[in-house]
Amino acid sequence: MADEALFQFLHNEVIQYIYKSSEHGEMENGRCITKLENMGFRVGQGLIERFTKDTARFKDELDVMKFICKDFWTCVFKKQIDNLRTNHQGIYVLQDNKFRLLTQLSAGKQYLEHAPKYLAFTCGLVRGGLSNLGVKSIVTAEVSVMPACKFQVMIQKM
């Protein structure tokens, strides 16, 4: 429980630091979001390397996505993804109905505009993990009702 709170506090402080240390123009054109996503990417690469050192190779990208939804998500957020959907053409939607990094924000609509900065690190985390597993992807997040969110993973064929 203590490590969970520490992770949330660290995540919030990193966001505040990046936004406070940036110039006004950087906030306007999304550089802060990019910095957060790049940080998440590097952390995701390191974590997936550590988590998969004793696991067998994955046979296909669906197995990789199942690993991300079950094991990886559980190690990072202490729960599995609530729903995984795919169109079997390289697009996966991961739904978390109570995303831990958004639960501290109010459930009202007034904080909906601030949600992207709290999701950028996690988008990078997933993209970095997939990258180290040999899956090149684009990860985006969307929030319609707080604290639920959907992460869309588009696999890029090489």
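Worth knowing before you read on, the calculation uses all heavy atoms, side chains too, and leaves out hydrogens, waters and symmetry mates.
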Nearest heavy-atom neighbours spanning [X] and [Y]:
X	Y	value
Thr86	His88	OG1-N, 3.0 Å
Gly128	Gln45	O-CG, 3.4 Å
Gln89	Asn87	N-OD1, 2.8 Å

Any chance you could lay out the salt bridge (charged side-chain N to carboxylate O under 4.0 Å, His left out) test for Glu61 and Lys66, step after step, and finish with the verdict? CA-CA 9 Å; Glu61 70 185 29; Lys66 286 179 184 177; over 6 Å; no
task = Would you check if Ile33 and Pro116 make a side-chain contact, meaning some heavy-atom pair closer than 4.5 Å?
result = yes
- With a 4.5 Å heavy-atom cut-off, do Arg85 and Ile91 have their side chains touching? no
More than 12 heavy atoms of other residues, nucleotides or ligands under 6.0 Å from NZ of Lys79: is that the case?
yes
- More than 12 heavy atoms from other groups under 6.0 Å of NZ on Lys150: no
Are [X] and [Y] connected, step by step, through hydrophobic side chains (Ile, Leu, Val, Met, Phe, Trp, Tyr) whose heavy atoms are closer than 4.5 Å?
X	Y	value
Trp73	Leu101	yes
Leu133	Phe41	no
Met154	Leu62	no
Val93	Val126	no

Hey, what do you get for [atom1] ([X]) to [atom2] ([Y]), rounding to the nearest 0.5 Å?
X	Y	atom1	atom2	result
Phe151	Glu142	CZ	CD	10.5 Å
His11	Lys117	NE2	NZ	11.0 Å
Leu36	Leu125	CG	CG	12.0 Å
Lys70	Leu84	NZ	CG	9.5 Å
Ile15	Met39	CD1	CE	9.5 Å
Ile68	Thr74	CD1	OG1	11.0 Å

ring-ring contact (aromatic ring centres under 6.0 Å, His included) test vs Phe99 passes for just one of Tyr118, Phe77, Phe121, namely Phe77
If you look only at distance, which donor and acceptor atoms sit under 3.5 Å apart when one is on a side chain in residues 46-56 and the other is two or more places apart or in another chain?
| unit_1 | atom_1 | unit_2 | atom_2 | d |
| --- | --- | --- | --- | --- |
| Glu49 | OE1 | Asn132 | ND2 | 3.4 |
| Thr52 | OG1 | Ile48 | O | 2.6 |
| Thr55 | OG1 | Thr52 | O | 3.0 |

Checklist entry - Side chains of Asp82 and Gln80: is there a donor and an acceptor less than 3.5 Å apart? => result no
Between Gln95 (side chain only) and Cys149 (backbone N and O only), is there a donor and an acceptor less than 3.5 Å apart? no
Item checked: Donor-acceptor under 3.5 Å (Ser137 side chain, Val139 main chain) -> no
Verify side-chain contact (heavy atoms from CB on, under 4.5 Å) between Val153 and Leu94, making sure each step is shown before the conclusion.
CA-CA 8 Å; Val153 179; Leu94 290 66; 3.8 Å; yes
Quick note, side chain to side chain donor-acceptor pair (under 3.5 Å) partners involving residues 122-131, not counting sequence neighbours, are Glu37-Arg127
Taken in chain and number order and not counting sequence neighbours, the residues that satisfy ring pair (Phe, Tyr, Trp, His ring centres under 6.0 Å) with Phe58 are Phe67
Practice prompt. Go through the steps to decide whether Ile155 and Lys136 satisfy the test side-chain contact (heavy atoms from CB on, under 4.5 Å), and finish with yes or no.
Written response: CA-CA 6 Å; Ile155 305 297; Lys136 189 175 180 193; over 6 Å; no
